[in-house]
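Note sheet for the following structure.
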Amino acid sequence: MIRNSSQSNILKHTVRSDAEKARICAANNADLYQAMFRAHGLPDQRTNAFWSSDAIAPPYYSNMTTLDPDATEEQLIEIGRLTDRLGRRPGFKDGFSRLDLVNKGFQLLFSASWIWAEARRISAPAPQDCARIRDASALDRWEHSWKESGSQTDANVFTPALLSDPNIHIYGRWAGDGFDAGCIVNRSTEAVGISNIFNLTGTPRAFGDAVSLATIAFSPDVPLVGYGGATLNEMTKLGFRPVGKLRIWLPDDGS
């Protein structure tokens with residue numbers, strides 16, 4: 001029997017292993033990193049083994065993230081090159097928890113899980129009071145709320161150049177003349193990612209809103225992905241499940 005394209009897509013989703021899903025999650029996250037760095041005008045490079053940048057990273061972003069669990073030798077070489085280039089050890093994301101660097105000048109910041117939800121194939125209206133951020137003024141207010149939720153820094157993390165990237169949508173939930181919740185949604189070839197979820201109200205609604213926005217932002221026919229540490233429990237309630245481990249490493253001297 002000949003399957004139509006929709007049936008073929010369903011089959012593809014059902015036969016993916018967790019290892020394949022983790023790779024897709026890592027690639028989607030690297031796409032977000034690439035967009036963020038380029039929005040700041042910063043250089044970057046990407047191979048099948050890793051994404052990296054020789055520039056000083058924006059706050060809360062690393063200089064490198066790994067893309068292949070089996071390319072550890074190539075990744076270690078790149079860590080060494082970045083160390084020489086930056087004059088210090090880089091912060092980086094080990095996308096598959098394959099590198100143990102505790103006694104090699106690094107400290108483990110935290111561990112988390114890549115998370116995955118199959119394509120929902122539904123269309124729904126945007127959550128009430130949520131809107132896509134489309135201008136620099138709204139982005140400034142959105143970032144102020146994002147920082148207030150716990151991501152403290154004096155630096156400008158999100159630049160207006162992101163708003164013209166067709167693969168990035170930034171959403172916020174209006175509260176007066178600002179925002180009390182928000183998220184970033186980014187599109188890759190095989191998945192749509194959810195990140196930077198923040199919530200000033202203390203209720204879990206922001207997570208459900210983020211999932212709804214990600215479903216309608218680009219296409220309901222691709223999986224939703226992200227990574228969860230403290231958010232893992234809430235995202236699991238919304239149909240996500242862990243598909244792989246990751247680690248964030250920092251230099252042990254705090255530089």
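What you see is a predicted model, and the numbers here were worked out from it, not measured in a lab.
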Indicate the ring-plane relationship of Trp142 and Phe198, choosing parallel, tilted or perpendicular according to the 30° and 60° boundaries.
perpendicular

Hey, what's the ring geometry for Phe92 with Phe106, parallel, tilted or perpendicular (30° and 60° as the breaks)?
perpendicular

Could you give the distance from [atom1] ([X]) to [atom2] ([Y]), rounded to the nearest 0.5 Å?
X      : Y      : atom1 : atom2 : answer
Cys183 : Phe207 : SG    : CZ    : 11.0 Å
Ile184 : Leu162 : CD1   : CG    : 6.5 Å
Phe96  : Leu67  : CZ    : CG    : 6.5 Å
Asp180 : Ser149 : CG    : OG    : 11.0 Å
Arg23  : Trp114 : CZ    : CH2   : 13.0 Å
Arg46  : Met64  : CZ    : CE    : 12.5 Å

Taking 4.0 angstrom as the limit, do [X] and [Y] come out as a salt bridge?
X      : Y      : value
Asp129 : Arg173 : no
Arg98  : Asp70  : yes
Asp44  : Arg38  : yes
Glu234 : Lys237 : yes

Stepwise ring pair (Phe, Tyr, Trp, His ring centres under 6.0 Å) test for His144 and Phe179
CA-CA 9 Å; His144 176 80; Phe179 301 95; over 10 Å; no

Apply side-chain contact (heavy atoms from CB on, under 4.5 Å) to the pair Gln107 and Trp249, showing each step before the final yes or no.
CA-CA 6 Å; Gln107 60 178 324; Trp249 294 91; 5.7 Å; no

Determine, using the 4.5 Å side-chain heavy-atom cutoff (strictly less than), whether [X] and [Y] are members of one ILVMFWY cluster.
X      : Y      : result
Ile24  : Trp51  : no
Tyr60  : Leu250 : no
Met235 : Tyr171 : yes
Leu238 : Leu213 : yes
Tyr61  : Ile168 : yes

With a cut-off of 6.0 Å (strictly less than), are more than 12 heavy atoms of other residues, nucleotides or ligands near [atom1] of [X]?
X      : atom1 : value
Asp135 : CG    : yes
Gln152 : CD    : yes
Arg85  : CZ    : no

Can a donor-acceptor pair be found between the side chains of [X] and [Y] at a distance below 3.5 Å?
X      : Y     : result
Ser188 : Asp31 : yes
Asp54  : Gln45 : yes
Glu78  : Ser52 : yes

Step by step, would you call Asp252 with Val102 a side-chain contact (heavy atoms from CB on, under 4.5 Å)?
CA-CA 9 Å; Asp252 67 0; Val102 171; over 6 Å; no

Dump the intermediate steps for side-chain hydrogen bond (donor to acceptor under 3.5 Å, both in side chains) on Glu148 and Trp146, then the final yes or no.
CA-CA 5 Å; Glu148 189 179 347; Trp146 175 82; over 6 Å; no

Could you check whether any side-chain N or O of [X] sits under 3.5 Å from a backbone N or O of [Y], counting only pairs where one atom can act as donor and the other as acceptor?
X      : Y      : result
Thr231 : Gly228 : no
Ser212 : Pro127 : no
Thr66  : Gly95  : yes
Glu74  : Ala71  : no
Gln34  : Asn29  : no
Asn186 : His169 : no

Do the non-hydrogen side-chain atoms of [X] and [Y] ever get within less than 4.5 Å of each other?
X      : Y      : result
Asp209 : Ile197 : no
Val222 : Glu190 : no
Ile115 : Val225 : no
Ile170 : Leu139 : yes
Pro223 : Val192 : no

Grab the two heavy atoms, one from [X] and one from [Y], that are nearest each other, plus how far apart they are.
X      : Y      : answer
Glu143 : Ala155 : OE2-O, 3.6 Å
Leu86  : Ala55  : CD2-O, 4.0 Å
Cys25  : Gly226 : SG-O, 4.5 Å
Asp165 : Ala35  : OD2-CB, 3.5 Å
Phe110 : Ala112 : CE1-CB, 4.1 Å
Leu82  : Asn63  : CD1-O, 3.9 Å

Kindly determine whether Val211 and Phe240 satisfy side-chain contact (heavy atoms from CB on, under 4.5 Å), including the steps that lead there.
CA-CA 10 Å; Val211 172; Phe240 286 78; 3.6 Å; yes

Verdict with supporting geometry, Arg16 and Glu118, salt bridge (charged side-chain N to carboxylate O under 4.0 Å, His left out)
CA-CA 11 Å; Arg16 280 179 176 140; Glu118 295 293 353; 5.5 Å; no

For Val157 and Met36, what are the C-alpha separation, side-chain angles and deciding distance, and is it a side-chain contact (heavy atoms from CB on, under 4.5 Å)?
CA-CA 9 Å; Val157 180; Met36 285 291 299; 3.9 Å; yes

Identify each donor-acceptor pair in which a side-chain atom of residues 241-248 lies under 3.5 Å from a protein atom, sequence neighbours left out, and give them as a table.
from	atom 1	to	atom 2	distance (Å)
Arg241	NH1	Asp18	OD1	3.4
Arg241	NH1	Asp18	OD2	3.3
Arg241	NH2	Asp18	OD1	2.5
Lys245	NZ	Ser113	OG	3.4
Arg247	NH1	Leu99	O	3.3

Are Trp116 and Tyr227 close enough that their ring centers fall under 6.0 Å?
no

Taking salt bridge (Lys or Arg N to Asp or Glu O under 4.0 Å) as the definition, give me every residue that meets it alongside Lys104, ordered by chain and number, with sequence neighbours left out.
none

